[in-house]
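Note sheet for the following structure.
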Amino acid sequence: KLQFLYFIGLNMVLNILAAAAAVAIIPQCQTALDAWCNSDVSCLHAMPAGATLYARNSTAEGSGTSEYRCYTAASLSPDKRHYSNGTQYCSRNSQLTAQLQGCEIGTKYTEVFVPNELGYPCIRIPAIMKTSTNRLLAFAECRNFTGDGCEPVTHTSHLNRNRDICGKYSDDLGKTWSPLRTLWKGAMQPAPVWSDLLNATVMQFNDLEDNIYQSVSSDNGRTWSDRQQVYGVVKSMVGPGVGLQLKQSNNRLMFIGHQGAYTFDTVWYSNDGKTYNQSTVSMIHMDEAQLVELPSGIVVANMRNDHITECKCRATSYSTDGGRTFSKLTYDPTLTSPICQATIITTKSGKVVFANPASTTSRTTGTVRVGVEGSQPGQILWQSSKLIWQAEYGYSCLTRLAADTQVGLLWETSGPQCTGTGASCRTVFSVVNV
């Protein structure tokens, strides 16, 4: 009898301790987590018919470690606050953690590219732009292979490592997206830009041999011209990201690319959208890069590097002559990076907007920074930052929107379709106030 009373008392103490240790979540986020557990992407199908699942940060059978799981009422305590007994639950810690962080930060997103669309197990390397009619065009590499940050839970095996460029469009500010289309076979590294001179969208990309090609669309991305090889430029990997149209240099088009891994970056430009000249300066030991035009007309190259300085941050170089020459390299200590691609644009009003995973060790902590041009050539003074996503955050691409107080952000992350071992399994879109 004493042993029985001791057992009951111990259980009461454990329950009280477990309840006290329960993770406090704001009500609207708890509702969102519960809804996720009861959606098709969780383990609802494996539970008893008619069961309702509850998202809780608690323990499990044979495990004293608390993490986020989806539990049935039968496996929870009477107050449904913590695990009690049984095996009617499933562990979904990474997915529920990401859902919670997004809810608490206030970031809303729409899925754009997910694994296995059109039979492609992985869709990576996003690019996005706005046309003159405010249509958003989103592009990415549609890959026949997994890995490189993308490990979907299920996928179709392929016998090759080929990839194509695919795309979608949105006419409602990214709320909904068209079905996926394959646009160019055997292609990668999409880098689109709007050309006022041509009144068209210009797309540059690579074939699988790293040759550069260009295609043009005059009807908002519905149809595209035959690809034409770009000559006069050293063989380079374009972008990834977008091209640049210079407002201070008669709508000159500019692109930046890298030759090999951390070998050098180079810039090429065109005054007619057809023939290209290459910059006389190469940025040694740089990699994936983007260009931005400051209000003064100075062009800044913002570049990935292999943490070759103590700041573990982005490298920059600027041009005062429309891209013909560039300054010596400098490093921006504000723009910390885990060795990853990043994105940078200006708004119509001249604000500079930058986004990347703002960590020196992992592709997490997706952050958008806003700054203005400084008094020194190529200088950007960063004034504010906004955390977009605390969890997995990979490659991304910014675009202007119709409202100058907002930008669009297309960014890679993990999700319920992913194993949680990479930051680039699916791609989502967010509208960010700047």
Side-chain angles (χ1 to χ4, degrees), residues 26 29 97-110 126 128 174 241-242 288-295 298 300-305 307 309-318 330-376 378-401 403-414 423-424 427-434:
I26 58 177
C29 290
T97 297
Q99 293 288 325
L100 176 60
Q101 290 168 338
C103 178
E104 291 178 336
I105 293 168
T107 297
K108 297 180 180 179
Y109 63 78
T110 304
I128 188 170
V242 293
E288 297 167 331
Q290 286 285 264
L291 299 168
V292 65
E293 182 185 25
L294 303 182
I298 290 176
V300 175
N302 185 288
M303 294 163 284
R304 168 178 174 168
N305 60 89
H307 280 180
T309 62
E310 291 184 0
C311 73
K312 298 181 178 179
C313 58
R314 302 286 293 185
T316 64
S317 177
Y318 67 87
T330 59
Y331 296 86
D332 191 332
T334 301
L335 306 183
T336 54
S337 173
I339 308 179
C340 186
Q341 178 263 11
T343 176
I344 187 168
I345 63 171
T346 55
T347 64
K348 290 180 181 178
S349 60
K351 294 179 181 178
V352 186
V353 187
F354 173 87
N356 81 324
S359 165
T360 59
T361 58
S362 62
R363 292 184 178 183
T364 60
T365 322
T367 301
V368 170
R369 301 183 189 276
V370 181
V372 295
E373 184 174 10
S375 59
Q376 301 300 313
Q379 182 185 38
I380 300 172
L381 303 175
W382 300 107
Q383 297 179 323
S384 64
S385 65
K386 178 181 294 187
L387 179 65
I388 298 300
W389 201 252
Q390 185 66 57
E392 293 88 351
Y393 180 103
Y395 283 31
S396 58
C397 190
L398 287 162
T399 185
R400 289 181 179 180
L401 296 178
D404 197 46
T405 56
Q406 296 178 322
V407 295
L409 180 66
L410 190 63
W411 50 286
E412 296 176 338
T413 187
S414 186
S424 303
T427 301
V428 300
F429 175 80
S430 295
V431 175
V432 181
N433 295 323
V434 294

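Here L381 contributes atom CG and Q376 contributes atom CD; the two are 9.5 Å apart, rounded to the nearest 0.5 Å. Here the straight-line distance linking atom CD of E392 with atom OG1 of T413 works out to 5.5 Å at 0.5 Å rounding. Q390 contributes atom CD, which lies 11.0 Å from atom CG of L100 (distance to the nearest 0.5 angstrom). Separating the CZ atom in R314 from the OG1 atom in T334 is a distance of 13.5 Å, to the nearest 0.5 Å. Taking CG of L335 as the start and SG of C311 as the end, the distance is 9.0 Å to the nearest 0.5 Å.
For residues 350-359, the pairs satisfying side-chain hydrogen bond (donor to acceptor under 3.5 Å, both in side chains) are S359-T361, with sequence neighbours left out.
Remark: R304 engages E288 in a salt bridge (charged side-chain N to carboxylate O under 4.0 Å, His left out) (not counting sequence neighbours). Under the rule for a side chain to side chain contact (heavy atoms under 4.5 Å, CB included), the partners of Q383 that lie at least two apart in sequence or sit in another chain are V372.
The heavy-atom pair separating A358 from T367 by the smallest distance is CB-OG1, 3.5 Å. Summarising the geometry of S424 relative to G394, their closest heavy-atom pair is OG-CA, 4.1 Å, with the distance given to 0.1 Å. Considering all non-hydrogen atoms of both residues, C397 and P126 come closest at CB-O, 3.7 Å. Listed here is the closest heavy atom pair of L409 and S396: CD1-CB, 4.0 Å. Annotation for S337 and H307: closest pair O-NE2, 2.6 Å, computed over non-hydrogen atoms. Between S362 and P357, the shortest heavy-atom distance links the atoms O-CB, 4.4 Å.
Counting heavy atoms from C-beta outward, L410 and T399 have side chains that stay 4.5 Å or more apart. The closest side-chain heavy-atom distance from L398 to I344 is not below 4.5 Å. Between I128 and F429, the closest side-chain pair of non-hydrogen atoms falls below 4.5 Å. Two residues are said to be in side-chain contact when any heavy atoms from C-beta on lie closer than 4.5 Å; W382 and V352 meet this criterion. Contact of the T346 side chain with the E293 side chain is not registered, since no non-hydrogen atoms from C-beta on lie closer than 4.5 Å. Counting heavy atoms from C-beta outward, K386 and I388 have side chains that approach closer than 4.5 Å.
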Checklist entry - What do the steps show when you test R363 against Y395 for side-chain contact (heavy atoms from CB on, under 4.5 Å), and what is the final call? => result CA-CA 9 Å; R363 292 184 178 183; Y395 283 31; 3.6 Å; yes

Item to check | Derivation and outcome, side-chain contact (heavy atoms from CB on, under 4.5 Å), residues Q406 and V434 | outcome: CA-CA 5 Å; Q406 296 178 322; V434 294; 5.8 Å; no

Next on the checklist: Please evaluate residues T316 and I380 with respect to the criterion side-chain contact (heavy atoms from CB on, under 4.5 Å), reporting the C-alpha separation (whole Å), side-chain torsions for both, the decisive distance (0.1 Å), and the verdict.
Outcome noted: CA-CA 10 Å; T316 64; I380 300 172; over 6 Å; no

Item to check | From CA spacing to verdict: side-chain contact (heavy atoms from CB on, under 4.5 Å), N305, Y331 | outcome: CA-CA 10 Å; N305 60 89; Y331 296 86; 4.0 Å; yes

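Note on ring orientation: taking the six-membered ring where Trp is involved, the planes of W411 and W389 are tilted (angle from 30° to 60°).
Screening T343, V431, N433, V353 for a side chain to side chain contact (heavy atoms under 4.5 Å, CB included) involving V407 leaves a single residue, V353.
Here the side chain of E412 pairs no donor or acceptor atom with the backbone of A423 at under 3.5 angstrom.
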